[in-house]
Amino acid sequence: MQSPIAFPALALFGLLTAPLAARSASVPSPLSLKSDISVLFNNDLDPGTVSGRPSVLLLSSPHTHGSASSACAVLGETLLPDNTTFIKDNLVPLLRFQEFERNFPSSQKFWIASKGPVCQTVDAKGDVSSSVVCLGSLPVLCTQSATLGAAAKPATSFTVQSKNLTITGFRDQASFRFFGIPYADPPERFTYSTPFTGNTTLNAQSFGPACVQTGETGTSENCLFLNIFTPFIPSPGSRTPLKAVMFWIHGGAFTNGMGSDPTFDGAALTSRGDVVLVTINYRLSTLGFLALDDGVTNGNFGLADQVMALDWVREHIAAFGGDPNRITIFGQSAGAGSVRALTASPQAIGKFAAAVPMSNLAGINFAATYSFYFTIPDNVAKVTAPLLESVGCDLEEAEILPCLRAVDAQTLVNVPTASKFLVVDGKFLVTPELVLNGTGPVARVHTMMGFMRDDGDPFISFPAFHVLIHRQQTTTNLTQALIDVQLPTNVTNNPLFPEPKGANATINTFNVTSNVNTDVEFRCLDQSTAFSAINHDLFESVWFYEFNRSYQIPGFNPNAPTCTPPATAARPHGDPELEYFKCHSGELFYVFGSLPADTPFRDEKDLPFMQRMVDIWASFARTFDPNPSTAFLEARGFTGTVAQLAAEPAWEPATRANLAGRPMRELQFESVMLPFGQQEQCAFLGFPLDFFG
Ligand SMILES: *[C@@H]1O[C@H](CO)[C@@H](O)[C@H](O)[C@H]1NC(C)=O
Ligand SMILES: *[C@@H]1O[C@H](CO)[C@@H](O)[C@H](O)[C@H]1NC(C)=O
Ligand SMILES: *[C@@H]1O[C@H](CO)[C@@H](O)[C@H](O)[C@H]1NC(C)=O
Ligand SMILES: *[C@@H]1O[C@H](CO)[C@@H](O)[C@H](O)[C@H]1NC(C)=O
Ligand SMILES: *[C@@H]1O[C@H](CO)[C@@H](O)[C@H](O)[C@H]1NC(C)=O
Ligand SMILES: *[C@@H]1O[C@H](CO)[C@@H](O)[C@H](O)[C@H]1NC(C)=O
Ligand SMILES: *[C@@H]1O[C@H](CO)[C@@H](O)[C@H](O)[C@H]1NC(C)=O
Ligand SMILES: *[C@@H]1O[C@H](CO)[C@@H](O)[C@H](O)[C@H]1NC(C)=O
Ligand SMILES: *[C@@H]1O[C@H](CO)[C@@H](O)[C@H](O)[C@H]1NC(C)=O
């Protein structure tokens, strides 16, 4: 029912908006909207309450009232309804945050839905003003109906133009998403990838295939894709500040993994952390790392792919709201090994501002190969030669590559000695390790690094952990178990490595071997890395951590149930405050805030801890300080994290002044600063703090 006053006004707007409406069949873009656009979402990471917290779309350029409602219509949405509950609970912190970021003055009004003929605006205090005179140009708030994790559909499609690329992604409740963007041309086997030159109109609404690997279907050699999650897309010429970029390099032993793994979904980091997240694929196994001694096929193809992806991001990320001068590369396990290698790589130095290697492997056994790089001749002798033999390509030099190119891709990654090692190729890696005594190339960047308290647990007695765990007759024999760990020294009956006297003899033994293995594969040399880098003043900053709370990802839990807390009557899914092993990959759900909706919080601390870890990781990317600013958190309404941080001492950077004191953050519900762990043990095992000089 329309009042007489409204009639002429509507007729007028109808005329004004006709051109825009006519275009509504095509996919909207910041160009067609003539505005920056943001998804604003209060993400508390609780899947149980997510439907009660719908997000909104903000068009920040001034619109007349008529063009405001048609802009929302072009997006398949409407002007935001005047809903008092929603405004008070959800909208106020979102707009307050916009003001905190100085995107708008504090008195700014935004168009929302009219009440009958009366135009309405809202401000960051939640005050709704009405006027029958719908004059003025204001930023616009539209509804945002796509739910969390919703797949792309025409109504939520969105196009971004970057240089000569036109890329169509979509939005969900938390962010804009652009999946499966090719950052390189389909690679030719055993050569470096080259920049993308294909069709410049890209449909980026579903993930590209993962790189060829064991245990996955639907993989492809044409796999050099990246994915972008962003809360904000600027219009051309926008003056809204760009956001920090987090560039994720997945783990998986250089043989497995993919950027599209839902554990690495960007919903939490983008909406809660206010950063742009990029996740990438890179070639794996033999297809990523084969080296020959022909002087040309120098390996490191997977590492070179990572650099190619970084180049793409530096060139294009501004169009997706990301700041190319504020890129944090981060990765876990082989992803951390990649971050470490990029930190040493003349091809990558200067292309990122910060680095976060999480649970880097270094020390003995297979862990050594992540941080100490083979020479090509060594790699050829130990890895390539048996590989060539098993695929029938041990031929004259000139025939090797043609032969290998004819072998089925799956066969190349299934062979027992598949390639998976970084090598000193003279281009991407020019030193046999990240040189930490000041005599080699090192990216001078901000760093945050650390490990899981029991990172070594899933790898003990590799490659024969089955002997240790599954054949009960050997599990209680510590002497045998330690031999299986292949230590460089004998730690049996050594008071530095006491065997606990608990009721379960298997667990007692396991405790010692897991501990020793964590030392010799993670802790000792990760601590030594920080120690030497600080002493030689190589990095802008070093923030060091050890996780002492974990939530094991179901996809990687080799020594179950050791990585899971014991269940009690009160905590049937396990009580994380009891003792258990805090294993490799047990931080990923927390850092990405990606605990799946069907995976329970085990106690009342899991959710706030996860919120805090997302806030910490994003804070590091935004400011190079993992202590989120109280002003930021309060503007966003993240009062839970504010309260938690107030209850614990600040995270201090590791510096020369505290290296002998408490340089390490123990990340647990009540986090504390601690000395580096197991220093005497590390020294005994051959990995003293000054190992790297
Ligand atoms: C107002 O918003 C709240 C969520 O904040 C929602 O639960 C409620 O249904 C909305 N009311 C109306 C009338 O749409
Ligand atoms: C797009 O631009 C890139 C350089 O950024 C260039 O290499 C490529 O050839 C261009 N593609 C087309 C189709 O113009
Ligand atoms: C490029 O891709 C678009 C969208 O998928 C398609 O419509 C167009 O035909 C393609 N152009 C060429 C030259 O393949
Ligand atoms: C620095 O460390 C490298 C190993 O990373 C070693 O080869 C070199 O000899 C060391 N140089 C000095 C001066 O200690
Ligand atoms: C434990 O293992 C060691 C090394 O294999 C072996 O010599 C020893 O006999 C074993 N002890 C027992 C009690 O089985
Ligand atoms: C290791 O040393 C202990 C004594 O410290 C000894 O009992 C044990 O036999 C030694 N084990 C091996 C394998 O040498
Ligand atoms: C000891 O712990 C292991 C690993 O959790 C378990 O498999 C085994 O059943 C336990 N043994 C006893 C006697 O409880
Ligand atoms: C680590 O967490 C366990 C509970 O899982 C707790 O018993 C232990 O005291 C914590 N360690 C430190 C150093 O606080
Ligand atoms: C391993 O044993 C030590 C004592 O030697 C104990 O402090 C620690 O809690 C044990 N770890 C686990 C996971 O039970």
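Just follow the structure's listing: the first ligand is 1, and inside any ligand the first atom is 1. Computed from a predicted model, the values in this text were never measured in an experiment.
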> Does Arg636 make a cation-pi contact with Phe97, if we ask for NZ or CZ under 6.0 Å from the ring centre and within 45° of the axis?
Replying inline: yes
> Between Arg453, Arg523, Arg665, which is the residue that forms a salt bridge (charged side-chain N to carboxylate O under 4.0 Å, His left out) with Glu546?
Replying inline: Arg523
> Would a search of protein heavy atoms around atom 7 (O) of ligand 9 find one under 4.0 Å away?
Replying inline: no
> When you measure from atom 9 (O) of ligand 9 to every protein heavy atom, which one gives the shortest distance, and what is it?
Replying inline: Glu579 OE2, 2.9 Å
>> Cation-pi check for Tyr580 against Lys582: NZ or CZ below 6.0 Å from the six-membered ring centre and within 45 degrees of the axis, yes or no?
In response: yes
> Can you tell me the protein heavy atom closest to atom 5 (O) of ligand 9 and the distance?
Replying inline: Pro500 CG, 4.0 Å
>> For Arg549, is there an ion pair with Asp606 - N to carboxylate O distance below 4.0 angstrom?
In response: yes
>> Considering non-hydrogen atoms of the protein only, which is the closest contact for atom 14 (O) of ligand 1, and what is the distance?
In response: Asn83 ND2, 3.6 Å
> In ligand 9, which numbered atoms sit nearer than 4.0 Å to a non-hydrogen atom of Phe581?
Replying inline: 13 (C)
> Which heavy atom of the protein is the closest neighbour of atom 12 (C) of ligand 3, given with residue, atom name and distance?
Replying inline: Asn199 ND2, 3.3 Å
> Would atom 2 (O) of ligand 3 count as contacted, meaning some protein heavy atom under 4.0 Å?
Replying inline: yes
> Which protein non-hydrogen atom lies closest to atom 10 (C) of ligand 9, naming both residue and atom, and how far is it?
Replying inline: Asn511 ND2, 2.4 Å
> So Tyr590 and Phe547, would you call those rings parallel, tilted or perpendicular, with 30° and 60° as cut-offs?
Replying inline: parallel
> If you measure from the Lys or Arg side-chain nitrogens to the Asp or Glu carboxylate oxygens, is any gap between Lys605 and Glu670 under 4.0 Å?
Replying inline: no
> Taking only heavy atoms of Arg453, which atoms of ligand 9 are found under 4.0 Å from at least one of them?
Replying inline: 13 (C)
> In terms of residue, atom name and distance, what is the protein heavy atom nearest to atom 4 (C) of ligand 1?
Replying inline: Gly52 O, 3.9 Å
> Any idea how Phe207 and Phe179 line up, ring-wise: parallel (<30°), tilted (30 to 60°), or perpendicular (>60°)?
Replying inline: parallel
> Between Phe104 and Phe110, what is the ring plane arrangement, given parallel below 30°, perpendicular above 60°, and tilted in between?
Replying inline: perpendicular
>> Check contact between Asn203 and ligand 3, using heavy atoms of the residue and a distance below 4.0 angstrom.
In response: no
